[in-house]
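Heads up: numbering here begins at 1 and tracks the sequence. Side chains included, hydrogens not; waters and symmetry mates left out as well; all remaining heavy atoms used.
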Amino acid sequence: MRPFRSIALLVAAVPALAFAQGASPAQPPAESPERQRTEREAPVVPQSQPEAAPATPSAPAVTDEEDAAPAPASEPSAPAASAPADAPVLDTGEAPRTTDAQQQRLVNGAPLYNPNVNVHIVQKKRFADEGKHELVLYPAAVQVNGKFTNHVGTALTYVYHLQENFALQVGGQYNWYSDESDFNLELIDKVREQAQAASSLLLQWGAHAGVEVTPLYGKFAFFNNSLAQFSVVLSGGAGIGKTRHLIRPEVANEVEGQTYQVPARFGDTGNKFLGEVGGGFRVQFGEHYALRLEVRDLIYTARVDKVDGCNLADFEALEAARAANQPFEGLNLSGSCQVSKFDGVDPKTKKNYREDIILGRDLVAEPSSDVLNNVSFYAGFSVLF
């Protein structure tokens with residue numbers, strides 16, 4: 001009976017043991033101390049993404065034989081990205097601007113909103129000149145280099161701006177005052193001498209055509225909020241001019257006890273080749289109006305071989321007829337000689353024009369050749385359309 005009782009107890013104990021083993025949790029295998037030490041001392045690698053915090057590794061299982069090791073400190077968060085040195089600084093009263101690096105850069109790569117960077121900008125002209133017409137009036141053109149001559153006149157110029165910095169021009173000038181200088185008149189009055197005809201030739205009027213270039217331009221402010229556009233203009237051209245020369249200065253003529261003031265007598269010396277060079281400033285106010293200040297040099301040849309169309313041979317024949325008190329009709333003169341200007345008596349001043357024959361002869365007796373420079377200052381205004 002005893003063996004049977006032992007077998008029955010063994011059979012009853014097997015299910016109870018299986019149930020007890022299923023209810024208790026499984027114990028993880030114990031880890032070696034070297035492995036635990038390695039895991040605790042491993043350096044913490046910072047994550048590249050500061051936004052997502054890295055997961056903290058779970059503490060290793062502790063065996064009954066070892067004391068539980070303290071958990072490692074939590075990983076420090078990655079430092080916040082610092083702003084670059086050239087980052088823009090927004091003013092409080094300023095609208096927010098973009099902080100994108102690509103939108104803050106110009107074509108050449110300079111930061112657009114960086115206060116430490118100077119950006120130089122070349123702006124276009126406020127008003128374009130290409131294709132425009134310009135009419136320029138110079139009310140006063142005054143000679144500034146007069147040694148033997150003085151000129152004051154008025155000039156008118158038409159300019160067509162073919163391109164922005166290149167234009168064609170046509171102009172004319174009339175000198176309503178052209179006379180010998182005081183120095184030359186003093187020589188005539190005191191020592192009966194005067195400058196050579198080639199040095200004291202007077203310009204009555206001139207016409208020329210040429211070009212105008214604008215190498216420089218800019219703008220300036222005046223009256224705070226107003227802007228004016230200026231440009232440097234250079235011009236050059238060629239044409240023709242009409243000249244004259246003084247034959248006799250103003251004199252007092254006494255006839256039968258009565259004195260008459262005889263005005264100066266000028267002789268026509270013909271048309272001469274005329275060249276023009278100049279430069280100055282044009283200041284434009286608005287789109288249609290401008291002021292001009294220029295200096296121009298009118299260059300013309302000054303050979304005097306005829307006076308009022310009469311050459312040296314004509315004056316010799318006229319002087320011979322005058323000395324013999326003969327009429328001038330029938331004399332063998334050139335077709336251009338204006339005999340009427342050396343014959344007759346002025347009814348107002350009682351001046352005999354035959355007395356001017358010898359003066360005209362002296363001008364052409366020794367013809368001299370020279371090139372004169374009539375440098376004048378021009379002040380005027382223009383209209384663009």
Write down the atom of [X], the atom of [Y], and the distance for their closest heavy-atom approach.
X      : Y      : value
Ala167 : Val159 : CB-CG1, 3.5 Å
Pro263 : Arg248 : O-NH1, 3.2 Å
Asn374 : Asp297 : N-OD1, 3.4 Å
Ser382 : Val136 : CB-CG2, 3.6 Å
Ser235 : Gln169 : CB-NE2, 3.3 Å
Leu363 : Leu246 : CD1-O, 4.0 Å

Side-chain contact test, heavy atoms from C-beta onward, threshold under 4.5 Å: evaluate it for [X] versus [Y] and give yes or no.
X      : Y      : result
Leu168 : Phe166 : yes
Phe315 : Val364 : yes
Val371 : Ile299 : yes
Phe281 : Val233 : no
Thr157 : Val170 : no
Gln173 : Leu203 : no
Val307 : Ile247 : yes
Leu216 : Ser231 : no

If you measure only the distance, is there a donor-acceptor pair under 3.5 Å linking the side chains of [X] and [Y]?
X      : Y      : result
Gln258 : Tyr260 : yes
Ser334 : Asp314 : yes
Thr269 : Thr243 : yes

For the [atom1] atom of [X] and the [atom2] atom of [Y], what is their distance to the nearest 0.5 Å?
X      : Y      : atom1 : atom2 : answer
Glu355 : Asn253 : CD    : CG    : 7.0 Å
Tyr160 : Tyr158 : OH    : OH    : 7.0 Å
Leu234 : Asn165 : CG    : CG    : 11.0 Å
Leu293 : Phe230 : CG    : CZ    : 13.0 Å
Asn332 : Cys337 : CG    : SG    : 11.0 Å
Phe148 : Asp179 : CZ    : CG    : 14.5 Å

| So which of Gln143, Gln204, His151, Arg244 actually passes side chain to side chain donor-acceptor pair (under 3.5 Å) with Ser178? | Arg244
Residues [X] and [Y] bridged, charged N to O under 4.0 Å:
X      : Y      : value
Arg265 : Glu180 : no
Arg322 : Asp343 : no
Lys132 : Glu287 : yes
Arg282 : Glu134 : yes

| task | Please report the C-alpha distance between Asp356 and Lys341 in whole Å, then the side-chain angles of each, then the deciding distance to 0.1 Å, and finally whether the salt bridge (Lys or Arg N to Asp or Glu O under 4.0 Å) criterion is met. | result | CA-CA 9 Å; Asp356 295 337; Lys341 292 192 175 183; over 6 Å; no
Is there a path of hydrophobic side-chain contacts, each under 4.5 Å between heavy atoms of I/L/V/M/F/W/Y residues, joining [Y] to [X]?
X      : Y      : result
Val152 : Phe377 : no
Leu331 : Leu312 : yes
Val232 : Val211 : no
Tyr353 : Phe328 : no
Val345 : Ile358 : no

Any donor-acceptor pair under 3.5 Å linking the side chain of [X] with the backbone of [Y]?
X      : Y      : result
Asp308 : Cys310 : no
Asp268 : Gly270 : yes
Asn175 : Tyr177 : no
Glu164 : Asp129 : yes
Tyr300 : Leu201 : yes
Asn145 : Val375 : yes
Ser181 : Gly146 : no

| request: Using the salt bridge (Lys or Arg N to Asp or Glu O under 4.0 Å) rule, take Glu319 and Arg361 through it: C-alpha gap first, then chi angles, then the decisive distance, then the call. | output: CA-CA 9 Å; Glu319 176 62 18; Arg361 175 186 173 278; over 6 Å; no
| field | OH (Tyr289) with more than 12 external heavy atoms under 6.0 Å | value | no
| said: Taking atom NZ as the centre, does Lys351 end up with more than 12 heavy-atom neighbours from other residues, nucleotides or ligands that are less than 6.0 angstrom away? | reply: yes
| message | Leu318 vs Leu333, test: side chain to side chain contact (heavy atoms under 4.5 Å, CB included). Steps then yes/no. | response | CA-CA 9 Å; Leu318 291 174; Leu333 304 176; 4.0 Å; yes
| said: Less than 6.0 angstrom separating the ring centers of Tyr138 and Tyr378, yes or no? | reply: yes
| said: Determine whether Ile240 and Phe273 satisfy the following criterion, side chain to side chain contact (heavy atoms under 4.5 Å, CB included), listing intermediate values before the conclusion. | reply: CA-CA 5 Å; Ile240 190 172; Phe273 171 80; over 6 Å; no
| query | According to the interplanar angle, ranging from 0 to 90°, do the rings of Phe385 and His133 count as parallel (below 30°), tilted (30 to 60°) or perpendicular (above 60°)? | reply | parallel
